[in-house]
Each structure stands twice: as C-alpha cells, then as structure tokens.
2 protein chains.
Amino acid sequence: MAQYSETWMKLLAADGCRQTPARRVIVDILLESPRALEPMEVFSAGRERLANLGLVTVYRTLEKLEELGLVQRVHHHGGCNLYLRATNAHEHLLICSHCGKAEYFSGDNLSALMADITRTTGFAITEHWLQLFGTCPACTRSGEVIHA
Amino acid sequence: MAQYSETWMKLLAADGCRQTPARRVIVDILLESPRALEPMEVFSAGRERLANLGLVTVYRTLEKLEELGLVQRVHHHGGCNLYLRATNAHEHLLICSHCGKAEYFSGDNLSALMADITRTTGFAITEHWLQLFGTCPACTRSGEVIHA
DNA sequence: GTATTATTGAAAAGAGTTTTCATTATCAAT
DNA sequence: ATTGATAATGAAAACTCTTTTCAATAATAC
Ligand SMILES: [Mn+2]
Ligand SMILES: [Mn+2]
Ligand SMILES: [Zn+2]
Ligand SMILES: [Zn+2]
C-alpha cells in the first residue's frame, strides 16, 4: 500500500493540514501494516523512524485520518482501538485470529435476510456490520495455529 | 426476562458464588433491560435499589456473568463496554440506533459467502460477527428518529 | 525572508477499569 | 440456632488509555 503514501499526504494537505515528518511516518506505518494497529503500536513503530515522535501526535493523526475516511477503527475481541486503512468500496473485514492480518472482501448479500428481519421485527435497518475471523494461509502453513 | 432472575442466581450458585443482594440487583437490572448497558449505567440503576452498592461489584459481577455466558459484551459505535443478556442459540443482534433496544434474530445464512471467501482468500473461517442497526418500531412511531 | 498560524511533544488532567485490603455477610458444618 | 471458614463487599488507591493544555517550533503563503 506504500504507493498511497503521497496520496494520503495530499488529501491531508487538501484538508488544510501541513505535511510534517510526524504525519508522514504515521501514514507510512498505517499503509505498510497488514493488520490493524493500536495507537501505542503506531507510536512504537513511529519512534524507530522519528526519534521524538509524540504519542499525542499519533492520536491526533489517527483522529484526522479517520475523519477523512482513510482509516477505520476495527472492533475486536480484545478491544476496539485498532486502526486500519479503510476501503472505499462496500466491503467487510476478514481477520486472522492468529496474526491479525486483515483483508477486505466484498460480495456479501444480506438483502434477503434484511428484508426478512424487517418483516418480522418491524425494524428499519440502516446499517450492518459483518466481520469474519479465521486463520490466514500463512498461519495455516506455519502450523502455529495449534496454539490459538 | 424477569423470570430468569432465579435461574441466573442458581447458575451463579452452581459456580460457587454466594447469593448476595448486590448480585441479585445487578442480575435483575440486566434481565429487565431492553438494551445493552454500560457498567456505570448498571451501577446507577443499582444504587436506586441498594443504597451503597459498589461500582467494583458491578464490574466483578459483569465479568462473572460473561464468564458463565449469561451476558455478552456488545460492540457499538460509541464504545464496546456494553453488556447484554446473551442468547443461547446461534443468533445475532439487531440494535436500534435511536434508543438502543436490542433484539436477537436468527436465520442468517452465510455459508455460501463463507465458502466463496475461503476459496478466494485461503482463510479458514472460524467465526463471524454480524450486527444490524436500524430504527425500532417504537422509535419510528414516535417520530423522534428525525433527530438521529 | 518574514509573518502567520498549524503542529508539535511534554506534562497535566480526565475517564474508565482493576487491584488492594480490611470489614462484613453467606453458607456449610455442626 | 451457632459457629467457623471464606467468599464477597465497597472505599480508596493504582493503573491504563486517552484527551486537554500550553509554550515552543516549524510549515506554508506572501
Ligand atoms: Mn455488507
Ligand atoms: Mn450467524
Ligand atoms: Zn495469520
Ligand atoms: Zn428504538
């Protein structure tokens, strides 16, 4: 996803943000990560590239990127403070329970189910969350999954 | 759900827990609520019935009830610290975005989708989260939804 | 280059949750 | 019913995560 780094910086600039080293580092880390990250993880990785990066800046940047729709929060068993590059399409997440690798997929067809539920419950459905968990190919091969 | 109050207390007892006023109050509140509650909400409601109930006891009881599978955590836009009576069947949640009313539904058929995803991604899918949001009949009628 | 002002990181504050601990209350065994 | 063992309680303290404050700095427009 590294090719989007400049795109994100430009989108930030278009929103009135200045292009700072701290933001570049945070953006790059998010775009390079195959899995959703906690603010503290972004911070730790960021410090390796920018000696005195502040955790506050990570929070502020994540907030701004979420606001621009470039990252999304990911809900998870162990908490809901994970951030992942967002998808533009209508897609949902497939997450490896072992390594956290996140992949978007499309093609869910819930319209029949939703019509059914509207009929039986009287709810007007406006939104749906769907998230799949499993074991990714790499973790299946490595056999480490036994410990999961 | 009030009829389950004694059942829950017995299940707690079977797990080695003593039957205390604090637990009764917390159990009752959870069983009476049509929506998922935050620990602080359980505490506030509990204090009205048991003058010096402690917030710590609410946390401890929620933890125990979750461990026994009697309540489940509900993930939500504004946080993931909501607790709701759990369902025994394979069911998912339908939540009113306006009043929070939670209802379980069954009948989701995702097997075709999951087979498809397994084929294209190589993931071995082990779990799925599905949650629907909408407006419940009562909120639709009251017209308050306009403000949502 | 200079002025403007957004951004920064440290420190402090705040919110939510967990741990500690002395006291109390439940329950099983008399 | 009385007793004893010990689970449970609530207040306070500790802790973690997140947000706010603020003076110094750096990015951008001119
Ligand atoms: Mn969908
Ligand atoms: Mn299902
Ligand atoms: Zn994996
Ligand atoms: Zn409603």
Side-chain angles (χ1 to χ4, degrees), chain A residues 5-6 8-29 36-68 71-83, chain B residues 6 8-30 36-68 70-71 73-83:
Chain A
S5 182
E6 216 35 54
W8 281 27
M9 291 309 290
K10 279 182 185 134
L11 287 168
L12 281 166
D15 192 61
C17 294
R18 293 175 180 178
Q19 304 191 209
T20 66
R23 283 191 178 130
R24 272 176 215 287
V25 162
I26 294 166
V27 160
D28 285 350
I29 285 165
L37 299 172
E38 296 181 8
M40 185 52 84
E41 292 180 298
V42 175
F43 173 67
S44 301
R47 276 253 155 153
E48 292 176 12
R49 305 189 192 184
L50 193 64
N52 61 346
L53 174 67
L55 178 57
V56 198
T57 302
V58 171
Y59 277 101
R60 285 190 281 229
T61 304
L62 288 172
E63 186 181 22
K64 173 58 78 176
L65 291 172
E66 188 180 16
E67 184 189 319
L68 294 178
V71 302
Q72 82 164 105
R73 291 182 78 121
V74 176
H75 297 255
H76 192 256
H77 289 288
C80 304
N81 55 338
L82 299 173
Y83 291 82
Chain B
E6 216 35 54
W8 282 25
M9 292 309 289
K10 278 181 186 138
L11 287 167
L12 281 166
D15 191 60
C17 295
R18 294 176 179 177
Q19 304 193 209
T20 66
R23 284 190 176 129
R24 273 175 215 286
V25 163
I26 295 166
V27 160
D28 286 349
I29 285 165
L30 289 165
L37 300 172
E38 295 181 7
M40 185 52 84
E41 292 180 298
V42 176
F43 173 67
S44 301
R47 275 254 155 152
E48 291 175 13
R49 306 188 191 184
L50 192 64
N52 61 346
L53 174 66
L55 178 56
V56 197
T57 301
V58 172
Y59 277 101
R60 286 191 279 231
T61 304
L62 288 172
E63 186 181 22
K64 172 59 78 179
L65 291 173
E66 188 180 16
E67 185 188 316
L68 293 179
L70 298 175
V71 303
R73 289 181 79 121
V74 176
H75 296 255
H76 192 256
H77 288 287
C80 304
N81 56 338
L82 299 174
Y83 291 82

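Below, read A as the first sequence line, B as the second, and so on, with proteins coming before strands; counting in each chain starts at 1. Fair warning: this is a prediction, and the values are worked out from it, not measured in the lab.
Comment: A/E67 engages A/K64 in a salt bridge, judged by a side-chain N to carboxylate O separation of less than 4.0 angstrom.
Rounded to an integer number of Å, the gap from A/F43 CZ to C/dT8 C1' is 13 Å. Atoms CG (B/N81) and C1' (C/dT18) sit 15 Å apart, rounded to a whole Å. The interatomic distance linking A/H76 (NE2) with D/dC17 (C1') rounds to 18 Å, in whole Å. Atom pair A/K10:NZ and D/dT28:P shows a separation of 13 Å (rounding to whole Å applied). Between B/R24 atom CZ and D/dT9 atom C1' there is a gap of 16 Å when expressed in whole angstrom units. Computed from coordinates, the B/Y59 OH to D/dC15 P distance equals 18 Å when rounded to whole Å. Straight-line distance from the CD atom of B/Q19 to the C1' atom of D/dT6: 17 Å, rounded to whole Å. Rounded to whole Å, atom P of C/dG16 lies 19 Å from atom CD of B/E63.
Looking at heavy atoms from C-beta onward, A/I26 lies in side-chain contact with A/L53 at the 4.5 angstrom threshold. B/L70 is not listed as a side-chain neighbour of B/L30, based on a closest heavy-atom distance of 4.5 Å or more. Counting heavy atoms from C-beta on, the side chains of B/R73 and B/Y83 come closer than 4.5 Å. With contacts defined as side-chain heavy-atom distances shorter than 4.5 Å, the pair B/Q19/B/L12 does not qualify. Between B/H75 and A/H77, every side-chain heavy-atom pair lies at or beyond the 4.5 Å cut-off.
In this structure, the nucleotide among C/dT8, D/dA8, D/dG10 sitting nearest to the side chain of B/R23 is D/dA8. Side-chain proximity of B/R18 to the nucleotides D/dA12, C/dA10, D/dA8 is greatest for D/dA8. In the set C/dT17, C/dT19, C/dG9, C/dG9 carries the atom at the smallest distance from any side-chain atom of A/R60. Side chain of B/T20, nearest nucleotide from D/dA8, C/dA6, D/dG10: D/dA8.
Minimum heavy-atom separation, B/T57 to B/A22: CG2-CB, 3.8 Å.
For the helix from C/dG1-D/dC30 to C/dT30-D/dA1, the rotation axes defined at the first and last 5 base pairs enclose an angle of 40°, given to the nearest 10°.
Here CG of B/L65 is found 13.5 Å from CZ of B/R60. Values are rounded to the nearest 0.5 Å.
Mapped onto DNA chain C by nearest heavy atom, B/A13 and B/P39 fall at different nucleotides, with B/P39 at the one closer to the 5' end.
Panel note: side chain B/R23, backbone B/M9; no donor-acceptor pair is recorded below 3.5 Å.
Using a 4.0 Å cutoff on non-hydrogen atoms, the parts of residues 47-55 of chain A near DNA chain C are A/R47, A/N52, A/L53, A/G54, ordered by number.
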